[in-house]
Novice: 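Structure incoming, see below.
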Amino acid sequence: MLEITRIRTEKEAIIEGLKKRHFNAEPIINELLEKDEQWRKGKADLDSILSEMNTHAKNIGLLMKDGKKEEAEAAKTAVAELKNREAALKATVDQLDKDILQLMYQLPNVPNELVKAGKNELDNETVFEAGTTPVYDFEALPHWDLAKKYDLIDFELGVKVTGAGFPFYKGKGAKLQRALINFFLSEAEKAGYTEYIAPHVVNEASGYGTGQLPDKEGQMYHIPEDGLYMIPTAEVPLTNIYRDVILPSEDFSIKMTGYTPCFRREAGSYGKDVRGLNRLHQFDKVEIVRIEHPSNTAKALEEMMEHVKGLLEKLGLQFRILRLCGGDTGFAAAMTYDFEVYSAAQQKWLEVSSVSRFDTFQANRLKLRFKTADKKTQLAHTLNGSALALPRIMASLMENHQTADGIVIPEVLQSFTGFAKIN
RNA sequence: GGAGAAAUGGCAGAGUGGUCGAUUGCACCGGUCUUGAAAACCGGCGUACCGCGAGGUACCGGGGGUUCGAAUCCCUCUUUCUCCGCCA
């Protein structure tokens, strides 16, 4: 959520910035500022009525003490009249409050200056490429065929027990998955991130804190009896650790990591895009989350990207990095880099990581602040990224490292898997 | 799941209808003193909103109510603790 003070003072810049998303903010902002004006006026009036009532109440106390009953009764009558005005005005101000919040929730984050205007994924810029496409002298199989051939993943069993999008991993498939999780966590730890094992369901306040609610309600599995939501990413529980927190100084850099399963309802995709591991309702992911002083955000983002790059290089995968255009950047993000791995067998790029900076957008909802040197409170910045999401990494490892008679496990993983080849 | 107790500022802990946004202690920050430090003493020390400012308003777990007036009384929800039951 954008800060109201910023909307008041930088109206034109925000409208311009949001154009890069093809988002027309002008009508919303105009309505917002109009209601804000009314709200401030109403608030001032309300406060002065309350002040008057408070004065009367104190007086009545004193009059009663002095035994001046009649004067006290007169004051009570005066308060009764004020009370009517107060009630009416409060109703108006409360309604304006709600309307303003509703409007605020509709405004996405303003893209960073590096972000180009654009509508969709076709307008994203490739900013980095590494690795080479494997060449096969045999018929390369997509991972769903490899999964069957080597009995690594059972999709049908998932359908039987749960439903589509909830696969079982078996034998060496399960072990490879677990090895990857351990490898990612161990790399994150080396990079200075503190590991958390987080709850897999969160309450409503947490959903609002990171911006999944009220916007992307339908994306999360909901448990209405308990008012809880299954997490779509570890970002939600990890970032919400710092909800309603004021960090005591401006000297901080909080780095957290966590492995969790992620649950996504994901409506409406068809065909080969959702085949196999490409899109699931439940998948595993290791997330990295950072809370930073605004002056360190750019550097933190850079470090996170280097970290993800390192992981992909160590796994020997061909990948590219895209800077998402305005229209493709998520609602809460100021800037997002997507990492995509090339699958030679599917002949397509698969998104395996998304690294974003949110600046104060999440922090404002979270009320995540820090104390400046002169004792003021200021909103912190949040960032997060996948490091990494498992399914498409599994898919591309299987596909890109396949040989005619098996799948070769990258060296960095072998100490985690305990085997060097699947056959 | 049943019975009881509780929830107050960073922590501890007063406050049971009226100058209480809240006594006090610890912690923390500034100062005096000191060669330096400690101790002692003095001062400061929550968050948010409105206002150029003076200042005002709100917040004592959340929400609602009673009252001229609520941290204090009532209702409700949540959470924590103790005991019992069940259980990995």
Side-chain angles (χ1 to χ4, degrees), chain A residues 1-9 32-105 197 199-209 213 222-229 237 240-252 254 291 360 362-380:
Chain A
M1 185 159 72
L2 298 172
E3 295 138 89
I4 185 72
T5 48
R6 185 170 166 207
I7 297 173
R8 283 180 198 144
T9 54
L32 190 56
L33 289 177
E34 196 181 308
K35 298 221 162 174
D36 180 53
E37 191 65 39
Q38 292 170 17
W39 178 84
R40 284 150 86 182
K41 205 169 168 300
K43 173 86 160 74
D45 290 348
L46 182 61
D47 281 357
S48 71
I49 290 175
L50 286 171
S51 173
E52 222 177 307
M53 284 168 66
N54 285 341
T55 310
H56 276 302
K58 276 178 189 167
N59 271 334
I60 290 168
L62 295 173
L63 290 169
M64 299 288 265
K65 208 181 274 178
D66 295 347
K68 295 177 183 166
K69 280 243 159 67
E70 276 173 32
E71 286 179 52
E73 285 308 317
K76 282 191 194 182
T77 316
V79 173
E81 194 267 332
L82 282 171
K83 215 172 185 178
N84 287 331
R85 282 170 56 200
E86 186 259 358
L89 197 50
K90 187 167 192 309
T92 310
V93 170
D94 284 352
Q95 187 56 49
L96 283 168
D97 238 335
K98 278 185 198 155
D99 293 349
I100 288 166
L101 193 61
Q102 205 50 50
L103 290 164
M104 300 272 279
Y105 277 145
I197 295 177
H200 297 172
V201 291
V202 293
N203 58 29
E204 201 175 50
S206 294
Y208 275 94
L213 296 175
H222 185 205
I223 308 164
E225 292 92 325
D226 302 294
L228 299 174
Y229 294 85
N240 271 284
I241 291 172
Y242 286 89
R243 171 155 47 85
D244 291 321
V245 166
I246 300 177
L247 299 163
S249 81
E250 43 191 325
D251 181 27
F252 65 91
I254 293 161
I291 294 166
T360 57
Q362 288 185 328
N364 190 30
R365 286 199 190 183
L366 291 161
K367 297 198 175 63
L368 162 52
R369 292 158 293 175
F370 63 91
K371 283 262 192 232
T372 60
D374 56 345
K375 306 282 182 208
K376 293 241 168 38
T377 57
Q378 192 183 328
L379 291 172

Novice: Between B:C45 and B:G36, how far is it from one C1' atom to the other, in whole Å?
Specialist: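 Comparing C1' positions in B:C45 and B:G36 gives a spacing of 27 Å.
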Novice: Taking the C1' atom of each, how far is B:U78 from B:A12, in whole Å?
Specialist: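 That atom pair is separated by 24 Å.
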Novice: Listed by chain and number, what are the side chain to side chain contact (heavy atoms under 4.5 Å, CB included) partners of A:Lys69, not counting sequence neighbours?
Specialist: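 With neighbours one apart ignored, the set is empty.
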Novice: List every contact pair, protein side and nucleotides 49-60 of chain B side both N or O, where the distance is under 3.5 Å.
Specialist:
from, atom 1, to, atom 2, distance (Å)
B:C50, OP1, A:Arg8, NH1, 3.0
B:C50, OP1, A:Arg8, NH2, 2.8
B:G51, OP1, A:Arg40, NE, 3.1
B:G51, OP1, A:Arg40, NH2, 3.0
B:G56, O3', A:Ser51, OG, 3.3
B:G56, N2, A:Asp47, OD2, 3.1
B:U57, OP1, A:Asn54, ND2, 3.3
B:U57, O2', A:Asp47, OD1, 3.1

Novice: Quick one: list whatever passes ring pair (Phe, Tyr, Trp, His ring centres under 6.0 Å) with A:His222, sequence neighbours left out.
Specialist: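 Per chain and number, A:His222 pairs via ring pair (Phe, Tyr, Trp, His ring centres under 6.0 Å) with A:Tyr229.
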Novice: How far, in whole Å, is B:U24 from B:G15 if one measures between their C1' atoms?
Specialist: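 Approximately 11 Å lies between the C1' atom of B:G15 and that of B:U24.
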Novice: When you match A:Ile246 and A:Asn59 each to their closest nucleotide on RNA chain B, which lands nearer the 5' end?
Specialist: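 Of the two residues, A:Asn59 wins.
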Novice: Tell me every residue that passes side chain to side chain contact (heavy atoms under 4.5 Å, CB included) with A:Arg40, counting only those two or more places apart in sequence or in another chain.
Specialist: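 Testing A:Arg40 for side chain to side chain contact (heavy atoms under 4.5 Å, CB included), a comparison that skips the adjacent residues, returns A:Arg8, A:Asp36, A:Glu37.
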Novice: If you look at every heavy atom in A:Met1 and A:Tyr105, which pair is closest and at what distance?
Specialist: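 Closest approach of A:Met1 to A:Tyr105, heavy atoms only: SD-CE2, 4.0 Å.
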Novice: Mind checking A:Thr77 for me? I need base, sugar-phosphate or nothing, with any heavy atom below 4.0 Å counting as a touch.
Specialist: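 It contacts nothing in the nucleic acid.
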Novice: Judged by atom type as modelled, is there a donor-acceptor pair below 3.5 Å linking the side chain of A:Thr360 to the main-chain atoms of A:Asn364?
Specialist: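 Not a single qualifying donor-acceptor pair exists.
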Novice: Return a table of donor-acceptor pairs under 3.5 angstrom between the side chains of residues 41-64 of chain A and protein atoms on other chains or two or more places apart.
Specialist:
from, atom 1, to, atom 2, distance (Å)
A:Lys43, NZ, A:Asp47, OD1, 3.4
A:Lys43, NZ, A:Asp47, OD2, 2.8
A:Ser48, OG, A:Asp45, O, 2.9
A:Asn54, ND2, A:Leu50, O, 3.4
A:Thr55, OG1, A:Ser51, O, 2.8

Novice: At under 4.0 Å between heavy atoms, how does the protein contact nucleotides 61-68 of chain B? Give one character per nucleotide, 5' to 3', with B, S or -.
Specialist: -------B
Novice: Hey, could you give me each pair passing side chain to side chain donor-acceptor pair (under 3.5 Å) that has a residue in residues 242-251 of chain A? Not counting sequence neighbours.
Specialist: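 Matches after skipping sequence neighbours: A:Ser206-A:Arg243, A:Asn240-A:Arg243, A:Glu250-A:His293.
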Novice: Tell me the closest heavy-atom pair linking A:Met104 and A:Glu3, and the distance in Å.
Specialist: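 The pair with the smallest heavy-atom distance is CE-C, 4.5 Å.
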Novice: Fill in the dot-bracket string of RNA chain B, one character per base: . for unpaired, | for a pair to another strand, ( ) or [ ] for pairs within the strand, taking Watson-Crick or G-U pairs under 3.5 Å.
Specialist: ((((((((.[[[..)..(.....]]].(((((.......))))).(((((....))))).[[[[[..)....]]]]])))))))....
Novice: Provide the distance between the two C1' atoms, one in B:A58 and one in B:G51, to the nearest whole Å.
Specialist: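 Looking at atom C1' only, B:A58 and B:G51 are 15 Å apart.
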Novice: Test of understanding: with side chain to side chain contact (heavy atoms under 4.5 Å, CB included), list the residues that count as partners of A:Ala380, not counting sequence neighbours.
Specialist: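 Result, side chain to side chain contact (heavy atoms under 4.5 Å, CB included) vs A:Ala380: A:Phe252, A:Ile291, A:Leu368, A:Phe370.
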Novice: Report all side-chain donor-acceptor pairs from residues 72-89 of chain A shorter than 3.5 Å, counting only partners two or more places apart or in another chain.
Specialist:
from, atom 1, to, atom 2, distance (Å)
A:Thr77, OG1, A:Glu73, O, 3.0

Novice: Can you find a pair of side-chain heavy atoms, one from A:Leu33 and one from A:Ile7, that are under 4.5 Å apart?
Specialist: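 A:Leu33 reaches A:Ile7 side chain to side chain.
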Novice: As an exercise, state the distance from CG of A:Leu2 to CG of A:Leu103, rounded to the nearest 0.5 Å.
Specialist: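 Rounded to the nearest 0.5 Å, the CG-CG separation comes to 12.5 Å.
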Novice: On a whole-Å scale, what distance lies between the C1' atoms belonging to B:G21 and B:C60?
Specialist: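 About 9 Å, rounded to a whole number of Å.
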Novice: Taking atom P in both B:G2 and B:C73, compute the distance separating them and give it to the nearest angstrom.
Specialist: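 The answer is 26 Å between these two P atoms.
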Novice: Determine the Euclidean distance between corresponding C1' atoms of B:A54 and B:C68; express it in Å to zero decimal places.
Specialist: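 That atom pair is separated by 28 Å.
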Novice: List the atom pairs, with distances to 0.1 Å, where a side-chain N or O of residues 94-102 of chain A and a protein N or O form a donor-acceptor pair under 3.5 Å, not counting sequence neighbours.
Specialist:
from, atom 1, to, atom 2, distance (Å)
A:Asp94, OD2, A:Lys90, NZ, 3.0
A:Gln95, NE2, A:Asp99, OD1, 2.9
A:Asp99, OD2, A:Lys35, NZ, 3.0

Novice: Set out, line by line, the N/O atom pairs under 3.5 Å between protein and nucleotides 25-30 of chain B.
Specialist:
none

Novice: For nucleotides B:A6 and B:G61, find the distance between their C1' atoms and express it as a whole number of Å.
Specialist: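 Looking at atom C1' only, B:A6 and B:G61 are 11 Å apart.
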